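Step one of this worksheet: look at the structure below.
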Amino acid sequence: MKRFMLFIAMVGFVATSCSKTIVKDEVETTISFSTESGKLTRAIVQDNDYSEAQPFGVFAYGSNDGTNAFMNNVEVSCTSSTWKATGTTKYYWPNDPRTTINFYAYSPACSTANATASLKSHQMLNCTGLSHTETSLNVTGYTHGEDQMYVDFMVATPVKGATYVNPDGSINPTDGKPNVDDDTDGKVPMVFNHKMTQIIFNVTTNQVYPGVTFTIKSITLKNVRNKAGYVHTYEPQAPNVPDVWTVDNDINSRCSYKIFPADNNKGANATNPVDNASKIENEISLSYAANAAADAFQSMTTTGVTMIPQTMAQCSTVYVAGSDAIAAETNGQMFEIVYSISGTGVATETVTKHIPFYPSATDLANQTVNIVNWGVNKRITYKVKIGLNEVTFEPSVADWKEDDPAGNTYTFKQ
């Protein structure tokens, strides 16, 4: 029985196929791919899952020396349970085992001729220029707008030296071609790596407030840098620095992102939502029973959003206690949280707070702040604690006040 095997040179991987590809003929052996498939929260990979609904782009180079362009930004999607090139064009493995192919991929696919039908606008990598060589992937003019905050930009580990050969590396002596077996598949394993920062907020209270309800109305990121260029270096690779984001710090290159309540339709029309459920997340209330235990803290966590990796800028505004002057800050990145308070023993009100990620020098000197920059492949959770100041009293007694401090003299005669 004839057999074939896919030989590759790459860094270790874990992959499960979308489905098994049955090879019927050695001349008609199409190139297919395997990914880590599964369910996602919007388009963001939370663990090792890759969405079967998310096409990716592929570059491939193949010849006897592996330098000729073979696939030029080809969109690959999961069709009929098989990951392969979208559209009518099929790509086939070379029959000559001396011809190896090097595969490179990124996700999600940029807008291409075939992407319109398979990708929603808010799922595409919003770039005006993407170029590729066997040493680097370049994206220019990338804008990460409010409708792009669920785009999980990733680059796959290269698969190099791929070819079909016998297990022992030999070829069929009768026809000089690789031996092929009808019951063996040979999908190209694509393992994607995150290239953005995922931001999550966890809101809780600093203690239990029996009979009080805090309703989280919104969380918004402000002054976030949203334009950049990106270069991913394959080889030669600088030590530990394969990714370079060049962020535009111009004041016009900043954006606000309302990350809660999350709009499932952000960037899509009503009939084409991110997760096919046209709804908007509800406000979340943190409330306590009158007899709540001391450790019965309530909390809520936002859905993760993606941001361009960037360094936190220091705020130039000095926060004035009792005001919200920081809201006018145009330099430093910050977040705005809006929540209402109601219940027993509290004034019913709506509170708006602006919290800088990197406060002014004056504020920084007066408080302990952990300034965390947004790095490549970082998942950062900000924990926000809401509290109240209890009304307390300090009684004292004023001294007696004499009616006439100067005194009066009365003379009596006997």
Side-chain angles (χ1 to χ4, degrees), residues 10-18 33-60 71 73-78 83 86 102-112 115 118-120 122-127 129-132 136-140 142-144 148-160 187-200 226 228-234 237 240-247 267 274 303-310 374-380:
M10 64 175 293
V11 178
F13 64 89
V14 177
T16 58
S17 62
C18 175
F33 299 83
S34 68
T35 63
E36 297 172 351
S37 57
K39 295 182 179 179
L40 302 179
T41 301
R42 295 184 172 84
I44 302 174
V45 176
Q46 301 298 337
D47 297 301
N48 295 323
D49 298 330
Y50 190 91
S51 173
E52 294 182 1
Q54 184 67 72
F56 54 88
V58 172
F59 293 88
M71 301 176 76
N73 199 15
V74 173
E75 181 190 315
V76 171
S77 57
C78 196
W83 287 96
T86 306
N102 298 336
F103 292 93
Y104 306 83
Y106 69 94
S107 174
C110 275
S111 177
T112 64
S118 59
L119 273 181
K120 306 173 184 66
H122 64 283
Q123 291 178 316
M124 297 178 190
L125 184 63
N126 183 13
C127 57
L130 185 146
S131 60
H132 192 278
S136 65
L137 168 69
N138 293 267
V139 179
T140 60
Y142 178 71
T143 300
H144 195 70
Q148 300 291 314
M149 62 184 179
Y150 301 120
V151 172
D152 189 5
F153 174 45
M154 296 183 286
V155 178
T157 302
V159 177
K160 295 187 175 183
K187 300 179 179 67
V188 182
M190 306 310 305
V191 181
F192 290 94
N193 305 286
H194 302 282
K195 299 305 175 184
M196 305 195 78
T197 308
Q198 185 177 176
I199 304 299
I200 300 172
N226 72 324
Y230 172 78
V231 177
H232 180 84
T233 303
Y234 297 116
Q237 190 175 92
N240 302 318
V241 191
D243 307 289
V244 177
W245 283 94
T246 305
V247 180
V274 175
T303 298
V305 296
T306 60
M307 295 290 131
I308 291 176
Q310 55 195 272
W374 294 352
V376 173
N377 197 23
K378 277 190 176 182
R379 178 188 290 161
I380 302 174

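Just so we're clear, the structure is a prediction, and the values are computed from it rather than from any experiment.
At least one donor-acceptor pair under 3.5 Å links the side chain of Thr306 to the backbone N or O of Val151. Although no hydrogens or angles enter the test, the distance criterion places no donor-acceptor pair under 3.5 Å between the side chain of Thr140 and the main chain of Gly229.
Scored by the side-chain contact (heavy atoms from CB on, under 4.5 Å) test, Val155 finds Leu137, Phe153, Lys195, Tyr230, His232, Tyr234 as partners (sequence neighbours excluded). In this view, Ala228 and Trp245, Val247, Ile308 satisfy the side-chain contact (heavy atoms from CB on, under 4.5 Å) rule, not counting sequence neighbours.
The line from CZ of Phe59 to OG of Ser131 is 7.5 Å long, rounded to the nearest 0.5 Å. Atoms CH2 and CZ, from Trp374 and Arg379 in turn, are 15.5 Å apart once rounded to the nearest 0.5 Å. Once rounded to the nearest 0.5 Å, the distance linking CG of Asn377 with CE of Met154 reads 10.0 Å. Once rounded to the nearest 0.5 Å, the distance linking OG1 of Thr197 with CE of Met307 reads 9.5 Å. For the atom pair CD (Gln148) and OG1 (Thr143), the distance works out to 9.0 Å, reported to the nearest 0.5 Å.
A heavy-atom distance below 4.5 Å is found between the side chains of Leu130 and Tyr106. Between Val305 and Tyr150 there is a side-chain heavy-atom pair separated by less than 4.5 Å.
Using modelled atom types, one finds a donor on one side chain and an acceptor on the other under 3.5 Å when comparing Thr157 with Asn193.
Summarising the geometry of Phe56 relative to Ser107, their closest heavy-atom pair is CB-CB, 3.8 Å, with the distance given to 0.1 Å.
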